[in-house]
Amino acid sequence: MALNIVIMAAGKGTRMKSATPKVLHKLAGRSLLSHVLKSCEPLAAAARIVITGHGAEAVEAAVAADGIAFVRQMPQLGTGHAIQQAVPALVGEGTTLILNGDVPLIETATAKALIDACAGHALVLLTVDLFDPTGYGRIIRDPDDGGVLAIVEHKDATPEQRLIHEGYSGMMAAPTAALKRWVGQLKNDNAQGEYYLTDIVAMAVAEGLPVLGIKAGSETEVLGVNDPVQLAQLERAFQAQQAERLMRAGVRLADPARFDLRGTLTHGQDVEIDVNCVFEGEVELGDGVRIGANCVIRNARVGAGARIHEFTHIDGEKPGGAVVGEGALIGPFARLRPGAQLGAEVHIGNFVEVKNSTLAKGAKANHLAYLGDATVGERVNYGAGSITANYDGANKHRTTIGDDVHVGSNCVLVAPVTLGAGATIGGGSTITKDVNPGDLAVARGKQVALTGWTRPAKKR
C-alpha cells in the first residue's frame with residue numbers, strides 16, 4: 001500500500017515575533033522543518049508533501065529536494081483546511097501520515113508505529129500525557145473500552161474536559177481514501193471559524209472504523225514551538241538527549257548542561273570535552289582527544305591524542321575542511337580556517353591563524369602569527385608576529401617553507417616565495433625573493449643580504 005507523508009508547515013507563528021517563518025527557526029543548527037523531514041527519510045513514502053503558507057517561498061527554497069512536493073494553504077483556515085489543499089497530491093489507497101513542521105523531534109520509530117497501526121484501515125492518533133496540557137486538544141475516550149471517541153480543541157473544551165491530561169499531538173495516520181472523504185465533509189462552525197482536522201475522529205467513529213490512540217514515548221517528541229521560550233526549552237531538551245547518548249558511549253563531558261551539538265559528532269575512546277563547547281557540521285574526534293573549555297569546532301577531523309586548548313575556533317567550512325593531526329597541540333585562542341591541514345605533533349599557539357595551509361609533522365607556530373596559502377615542512381619554527389602576505393589585492397599566492405626552516409619574529413613573507421630547507425629568516429625581515437636551502441636571509445628596509453651562512457647545529 002502506498003504511503004503519503006504530509007507535513008503541515010503553513011503557520012505564521014506570530015508569537016515568535018520574527019519575519020522568519022516559524023518552521024525555519026533553528027534547533028541545533030537546523031530548521032525545525034528539516035528535523036521533521038530527516039525523521040521521515042527512512043520511511044518508504046510514495047509521496048512527501050509539505051503544506052506551506054506564510055513565507056511559502058522561503059520555506060520551499062530552504063527544503064527543496066527531489067521527491068518533495070509543495071502545496072500552498074492561502075489563507076490559513078485551520079488544520080482541516082490545510083489537508084484539503086493536500087488531497088489532490090495524495091497517491092494510492094494506503095496510508096497517509098500527517099506530521100507538524102514545528103514539532104521537530106518526532107522519532108522515526110514513533111512515526112512508523114503510527115503507520116503500522118493504521119495499516120490502511122484504522123485512524124491512529126499520536127497522543128501524550130502532559131503535566132500542563134494547555135493549548136492541546138483533549139482525548140475523549142470511551143469509559144468502557146478506552147477507545148477514542150473524539151478530540152476536543154482546547155479553545156472549545158468545557159472546564160471538565162480541560163482537566164484531562166491526555167492531549168492530541170497534532171499527528172496521525174489515516175486511511176488515505178477515508179481521509180479524502182472526511183476532510184471534504186469538514187465544517188467551520190466553531191469558536192474560531194476554522195476547519196479542524198480533529199473533527200474527522202467523530203466521522204470515523206460514526207462509520208465504525210477503529211480509532212486508536214498511541215502514546216508518544218516522551219513529551220519531548222511532541223513538543224511544538226510557538227515562541228522563543230519554547231524554542232529555547234526544546235533546544236536544551238534536545239541537547240540533553242545528545243549529551244546523554246555521547247556519555248553512554250564513553251565520552252566524558254565536564255557538564256552535559258553546557259554542551260551543544262549542532263550536527264554530527266563521531267568519536268573514539270577516552271575523549272574528554274570541557275564546558276561550553278559547540279560542535280557543528282561533521283566533527284570527528286580520535287582516541288584520547290581533549291577539548292578545552294569554550295571551543296567552537298565545525299567540519300573538522302581531530303586526530304588521536306590531540307589537545308585543543310581553551311577558546312580555540314576551528315571552521316573547516318565543509319566536511320573534512322580542517323584536519324588536526326595526531327598528538328597536535330592547538331590553542332588557546334587559536335583559529336583554524338578552511339583548508340587548514342595540520343600534521344602530527346604540530347603546535348599552533350595563542351592568537352595564531354591558519355588558512356588554506358598544510359603544516360607537516362612537528363611544525364610550530366606558537367604565538368601571534370598568520371599562515372595563509374602556505375605549505376610548511378617538518379619541524380619548521382615560525383616566529384611570533386610573522387605573516388604570509390598571500391594576497392596582492394587581486395590574486396592569492398602561495399608560500400612554500402621547507403623542512404627545518406627557522407622564521408624569526410615579526411617577519412613578512414611576500415608570496416609567491418619559497419624558503420629552502422634549513423634556511424633561517426632573520427627577525428623583522430620582509431622576504432620578497434626565494435631563499436636557498438640553508439641560507440640566512442635578512443631583509444630590512446632596502447637592504448637585502450643573502451649569505452651562505454648555516455645555522456649552528458643544535459646541541460644534543
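Side-chain atoms are counted along with the backbone in the values below, which use heavy atoms only and exclude waters and symmetry mates. Since we're looking at a predicted model, the values are computed, not measured.
Taking 4.5 Å as the limit, every side-chain heavy atom of L223 sits out of range of all side-chain heavy atoms of Q230. Proximity of Q76 to H81: side-chain heavy atoms (C-beta onward) are nowhere separated by under 4.5 Å. Looking at L186 and Y196, their side chains never come closer than 4.5 Å, going by heavy atoms from C-beta outward. Under the 4.5 Å side-chain criterion, counting only non-hydrogen atoms from C-beta, V302 is not in contact with I330.
A distance-only check finds no donor-acceptor pair linking the side chain of T375 to the backbone of T358 [under 3.5 Å]. H267 places no side-chain N or O within donor-acceptor distance of the main-chain N or O of V251, the cut-off being under 3.5 Å. Using a distance-only test at 3.5 Å, with no hydrogens or angles considered, a donor-acceptor pair links the side chain of D287 to the main chain of Q269. The backbone N or O of E353 lies less than 3.5 Å from no partner atom in the side chain of R335, so there is not a single donor-acceptor pair. Although no hydrogens or angles enter the test, the distance criterion places no donor-acceptor pair under 3.5 Å between the side chain of D373 and the main chain of H397.
Ring pair F259/F279 is tilted by interplanar angle, where 30° to 60° counts as tilted.
Screening V128, L105, I106 against E221 for a side chain to side chain contact (heavy atoms under 4.5 Å, CB included) leaves a single residue, I106.
Note on K22 versus D227: no salt bridge recorded, every NZ/NE/NH1/NH2 to OD/OE distance being 4.0 Å or above.
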